[in-house]
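Just below is one structure, and these are the notes that go with it.
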Number of protein chains: 2
Amino acid sequence: MARAGRSANAADTSESRIGLLCVERGLKMTGQRRVIARVLSDAEDHPDVEELYRRASELDPRISVATVYRTVRLLEEKGILERRDFGGGRARYEASEHGRHYHLIDVETGKVTEFEDDEHEALMRRIAERLGFELVSMRLELFGRRLKEPDTSSAAKKAKRGKGSVK
Amino acid sequence: MARAGRSANAADTSESRIGLLCVERGLKMTGQRRVIARVLSDAEDHPDVEELYRRASELDPRISVATVYRTVRLLEEKGILERRDFGGGRARYEASEHGRHYHLIDVETGKVTEFEDDEHEALMRRIAERLGFELVSMRLELFGRRLKEPDTSSAAKKAKRGKGSVK
DNA sequence: CTAGTTGCAAAGGCTTTGCCTATAA
DNA sequence: TTATAGGCAAAGCCTTTGCAACTAG
C-alpha cells in the first residue's frame, strides 16, 4: 500500500519515471501502459501481477489482468523491470533502476528485506570464470527467521549496511 | 540418461541408498516408492518430475505421475530430497546427501555445473544476522555463458575447485 | 486388519494466447 | 491510416487432489 509519488490521478497524463523509460525505448504509450508504469514507479515493494492489477485498477478500472501480464513481460524484455521469485509460485517485480541488491525473505511473514554486498557479485564472477563461464546473471535469496534480540553488540562491519527496508 | 548403479531390475527388492533413508524414517515401502527411490539414488543430474516419471516407468510401468509428485513432495518434507528451480517453470530434484554445493546453469544449453564455496554460506549467515535474522536457508544460482578459451593461465585458487561435473 | 498409498481423472493456480475491437502515432 | 495494444475468455502448464481400490506392516 505504501505508494509515494504525487497525483495518483487517472487523468494525469504526465509520465512517471518508468513511463519515461518506455518512451525512450519507443513503446507506444497507451492509457493502460501509462497507469501500469506509474504503479510500478511508485511501488516501493515487490508486487506480484495480482497486486499490480489491483493497484492499477484503482487508478483506472479499464485494465485487464492480461494487459498487466503482457506489460510486465514486455518491460522485463526491455530491461526496465526485473522478475523475482521469492517462492510461493508467483512472479514478483521491481524496477531495474532500483539497482543491485539482494533479498532476505522472512520465512514467517514473507516480508522482504533488501541488502547490498558489493563484493558478492565480483566473487561470483570469479567463480564462474574459473569454471569457464562468463557470468550473465545470478540469483541469490536468503530465507531467515527474525531474531528476538536485535544484535545490540556488534555494529555493521563488512558488507555495506543494507537499506534495511522491509517491503 | 547417465545412470550408474547395479541391476536396474524392477524385481530387485533390495533397497537403494534413498530407499534405506525412507526405511529409516519409517516410510511404508511400496513397490512404486522403491522404484522411485532407486531412480533418485542413481540419478547423477537434477531431473524434473517428468524425467523421474520416465525413468521410473522404464523400471516399472505401473507408476503414475501423481505418485511421482506425491513421492518427491514427501521426500522433500522428510529432508531426503531437495527441490531446485533452475528456471523453466518446473521443479528439479536432487538427493540431499549430495551435500552442500551450488549450481551454475549454462544459459545456452541449460546444462548444470556444480561448484562448492565453503565460505559463502558463512558469509550469508553473517549478513542475515546483521539484519536481525537467523539464516534458515538460501538460494544461489549463477547463469553463465561458456567462454571460448578455457582459461589455461591461472589454476584454481580460492573457492574449492568445483566438481566441474556437468549434469 | 487398517492406516497409509496409488491410479485416474478432474480441478487448481498462475500465465499465455486467439480473436476481434480500439487506439496511438 | 495502420501497425500495435487491449479485453475477454479459452487454453496451457505444472502440480495437487478427491475418491475408490489396494497393500505394507
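Within a 6.0 Å radius of CZ in B:R25, more than 12 heavy atoms belonging to other residues, nucleotides or ligands are found.
Between A:T67 and B:D48, the residue anchored nearer the 5' end of DNA chain D, judged by the nucleotide with its closest heavy atom, is A:T67. Each of A:R33 and A:A66 was assigned the nucleotide of DNA chain D with the nearest heavy atom; the assignment lying further toward the 5' end belongs to A:R33.
Across the protein-nucleic acid pair, B:Q32 atom CD and C:dC8 atom C1' stand 14 Å apart, rounded to whole Å. As rounded to whole Å, 15 Å separates atom P of D:dA5 from atom CD1 of A:I63. At whole-Å resolution of the value, CZ in A:R25 and P in D:dT4 are 18 Å apart. Atom CG of B:D60 is separated from atom P of C:dT6 by 12 Å (rounded to the nearest Å). Nucleotide D:dT4 holds its C1' atom 11 Å from the CG atom of A:L74, rounded to whole Å. Rounded to an integer number of Å, the gap from NZ of A:K78 to C1' of D:dT4 is 12 Å. Going from atom OH of B:Y53 over to atom C1' of D:dC14 covers 15 Å, rounded to whole Å.
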* Quick one: do B:F86 and B:H46 satisfy ring-ring contact (aromatic ring centres under 6.0 Å, His included)? Show the steps, please. => CA-CA 10 Å; B:F86 295 157; B:H46 310 79; 5.5 Å; yes
* With side chain to side chain donor-acceptor pair (under 3.5 Å) as the test, would you mind laying out the steps for B:E94 and B:H101 before giving the verdict? => CA-CA 11 Å; B:E94 72 181 316; B:H101 60 260; 3.0 Å; yes
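The distance from the NZ atom of A:K111 to the CG atom of A:D45 is 12.0 Å, given to the nearest 0.5 Å.
Of the listed nucleotides (C:dG7, D:dG6, C:dT16), C:dT16 has the atom at the smallest distance from the side chain of A:Y69.
Side chains of A:I127 and B:F115 form a contact here, defined as non-hydrogen atoms less than 4.5 Å apart.
By the side-chain hydrogen bond (donor to acceptor under 3.5 Å, both in side chains) test, B:E108 pairs with B:R145, sequence neighbours left out.
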* **Contact letters for nucleotides 19-25 of chain D, in which S counts primed atoms plus P, OP1 and OP2 and B counts the base, heavy atoms under 4.0 Å** => ----BBS
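No option in A:L40, A:I18, A:V72 other than A:I18 meets the side chain to side chain contact (heavy atoms under 4.5 Å, CB included) test with A:I80.
In summary, B:E51 and B:R54 engage in a salt bridge, as defined by a charged side-chain N under 4.0 Å from a carboxylate O.
Contacts with DNA chain D (heavy atom under 4.0 Å) in residues 79-90 of chain B: B:G89, B:R90, listed by number.
A perpendicular orientation is assigned to the rings of B:H120 and B:Y102, their planes being inclined by more than 60° (bins at 30° and 60°).
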